[in-house]
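Each remark here refers to the structure printed beneath this line.
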2 protein chains.
Amino acid sequence: MQGVKTQHWFCFFKHVSLSTTFYHTMNNTIDQEELHKIFPQFEEPLLKEILSQSTVKHLDEGDEAMRSGQYIKSTILLLNGLLKVYREDDEGNEFLMYYLEPGNACAMSMMCSARNEKSQILAKAVNSAEVLLIPTHLSEELLKKYNTWHNFVIASYRARFEELLQTLDSIAFKGLDERLLFYLKRHVKVSGKEIRLSHQQIAYELNSSREVISRLLKKLEQTGAIRLHRNYIEVHNLNILD
Amino acid sequence: MQGVKTQHWFCFFKHVSLSTTFYHTMNNTIDQEELHKIFPQFEEPLLKEILSQSTVKHLDEGDEAMRSGQYIKSTILLLNGLLKVYREDDEGNEFLMYYLEPGNACAMSMMCSARNEKSQILAKAVNSAEVLLIPTHLSEELLKKYNTWHNFVIASYRARFEELLQTLDSIAFKGLDERLLFYLKRHVKVSGKEIRLSHQQIAYELNSSREVISRLLKKLEQTGAIRLHRNYIEVHNLNILD
DNA sequence: CACAGAGTGTGACAACAGTCACAGTAACAC
DNA sequence: GTGTTACTGTGACTGTTGTCACACTCTGTG
């Protein structure tokens, strides 16, 4: 099992970028106007303060924005691209908790950096992505100074908590078939109806095995909800069975 | 199944209080000194502000501090007693997410009240308990005014998030045997080595069935980790298998 | 073209957890 | 005491998921 996973690891993002090929600035800077587009709720002085003290970090496909056990010293905001956030156990198993989209903040980074503690999760870039790193001390200052920022932080906590609860629901109460459906729906929401993943990759993110996922996908195809191809799934209508 | 659960529901807290019979003030007030003992990190002016505008609510065994779908208009702090926090699905299944102990805050209540949204979880009093209800507007004020309060809120978010992640781990990665062990350990931590629960009640909190739990407990007894009695489990050493 | 490697399909089997039926036992009311 | 009820134990069975073995297909490479 571990062998399969390791093998899988290296090819994991091979096909993901084929469909999501939007381009972005390769230089590690961002101007106020761009930032405003991503965070329209932030007022000008807040944007200025953020820009003056933060750094932009570029992530390539598959790069880890934060990993288990790592000390976090910044609040992480996603500028563009897509991050997948995983939970992993001691044996190297992982499963997907939720996605982060542009304009989202990583709740764990806020919590960890505020208390100078270790990360408990793993965040990986699906495609090329850029994150904004806001040093802890600034983030703390902003909290007192800007209501907007404070609300943003609280909202982020809540949003992530709720997504986590949804994931928990699907694991605790649902069979693998429904979990797969939930997974596909979420994938469609962030990446569109062409899912360019192998069955192995999906199995991996659901902490299951390829054969089982293949069988369930086959069943789904028979309902007409999806169409299977090599390395890619065409989604027609996932709400058929609701 | 539903029938069993309903039946079970009414007798759920029957035996819980036998072992945990500490007593507390029955009048719905609390003075500054008491509050300081529970929240030693809060400075005097903060305690005074909290006391001046908050109310104490008494909960009897089994009362719900918050339930799914309810609008939350206060931040909930636990003064004494013990709360169990559950997640429930649409079919009435529930499982235990974590406990709240005196000095803890309900993270969901903070998030919900701040945004005037509905609760997504269910919190029940294990034994008699008292909670402090802090109106939303005060909680918001305190956030800007007191660093201590702000840190407390952030710490609460983080603590609850981490406990949730632990629960998630045990569901996602572990078999029922290990989940049971995890459940028992946590129970011992908050309520001591005499677990006054029926197998049915445990099954319910793990979203499993009585027979399965009985079997697993039997196996555990054979290792010497526990000793089974009617309506109560005597814990010897749960770390034997680690 | 042949070949290698990744991806997919499939049948057989094992393990685990949930369900059912029923028996036995402790606690309690009468 | 009897009877009732809740709690516990147990064997048989089922369904779902994970595992293994292997065949087949697609794609890219030399």
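Every chain is numbered from 1 and lettered A, B, ... according to where its sequence line falls, protein lines coming before strand lines.
- Between A/Asn231 atom CG and D/dT25 atom P the separation is 17 Å, expressed in whole Å.
- Listed by first and then second residue, the side chain to side chain donor-acceptor pair (under 3.5 Å) pairs that reach into residues 168-177 of chain B are A/Arg87-B/Asp169, sequence neighbours excluded.
- The distance from atom NZ of B/Lys219 to atom P of D/dG9 is 14 Å, rounded to the nearest whole Å.
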Under 3.5 Å, N/O pairs linking protein and nucleotides 13-15 of chain D:
none

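- Straight-line distance from the CZ atom of A/Arg196 to the P atom of C/dG7: 14 Å, rounded to whole Å.
- For the pair B/Val56/B/Val131, no side-chain contact is recorded, criterion being any heavy-atom separation below 4.5 Å from C-beta on.
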Can you check nucleotides 21-24 of chain C for protein contacts, nitrogen or oxygen pairs under 3.5 Å, and list what you find?
none

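- The side chain of A/Lys218 contributes no N or O atom lying less than 4.0 Å from OP1 or OP2 of C/dT8.
- For the pair A/Val190 and A/Glu101, the minimum side-chain heavy-atom distance is below 4.5 Å.
- Non-hydrogen atoms lying under 4.0 Å from DNA chain C are contributed by B/Gly175, B/Leu176, all within residues 166-178 of chain B.
- No side-chain donor-acceptor contact under 3.5 Å links A/Ser68 to the backbone of A/Leu122.
- Taking for each of A/Arg179 and B/Tyr232 the nucleotide of DNA chain D with the nearest heavy atom, the 5'-most of the two is the partner of B/Tyr232.
- Nearest heavy-atom pair across A/Leu168 and B/Leu168 is CD1-CD1, 2.7 Å.
- Between the side chains of B/Ser214 and B/Glu211, no donor-acceptor pair is found at a separation under 3.5 Å.
- Rounded to an integer number of Å, the gap from A/Leu228 CG to D/dC26 C1' is 15 Å.
- Rounded to 10 degrees, the angle between the two end axes of the helix from C/dC1-D/dG30 to C/dC30-D/dG1 is 20°, with five pairs used at each end.
- Salt bridge annotation for B/Arg160-B/Glu162: absent, with no cationic side-chain nitrogen under 4.0 angstrom from a carboxylate oxygen.
- Regarding B/Leu197, its CG atom lies at a distance of 18 Å from the P atom of D/dA6, rounded to whole Å.
- Here the closest heavy-atom approach between residue A/Ala125 and residue A/Leu59 is recorded as CB-CB, 4.0 Å.
- When all heavy atoms of A/Thr167 and A/Met97 are compared, the closest pair comes out as OG1-O, 2.7 Å.
- Contact check on A/Glu34 versus A/Lys37 returns no salt bridge, with no Lys/Arg side-chain nitrogen under 4.0 Å from an Asp/Glu carboxylate oxygen.
- The phosphate of D/dC7 has neither OP1 nor OP2 within less than 4.0 Å of any side-chain N or O from B/Ser214.
- Closest approach of A/His58 and A/Ser128 over heavy atoms only: CE1-CB, 4.0 Å.
- In this model, a donor atom of one side chain and an acceptor atom of the other lie less than 3.5 Å apart for B/Glu205 and B/Tyr86.
- Distance, B/Gln222 CD to D/dT8 C1': 15 Å, rounded to whole Å.
- For the pair B/Leu180 CG and C/dC16 P, the computed distance is 15 Å after rounding to whole Å.
- For D/dT17, the OP1/OP2 oxygens have no side-chain nitrogen or oxygen of A/Ser209 closer than 4.0 Å.
- Here D/dT16 presents its P atom at 15 Å from CD1 of A/Ile213, a figure rounded to the nearest Å.
- A/His229 meets the side-chain hydrogen bond (donor to acceptor under 3.5 Å, both in side chains) test with A/Glu234; sequence neighbours excluded.
- In this structure, B/Thr223 contributes its side chain and B/Ala225 its backbone to a donor-acceptor pair below 3.5 Å.
- In this structure, A/His199 reaches the C/dG9 phosphate: one of its side-chain N or O atoms is under 4.0 Å from OP1 or OP2.
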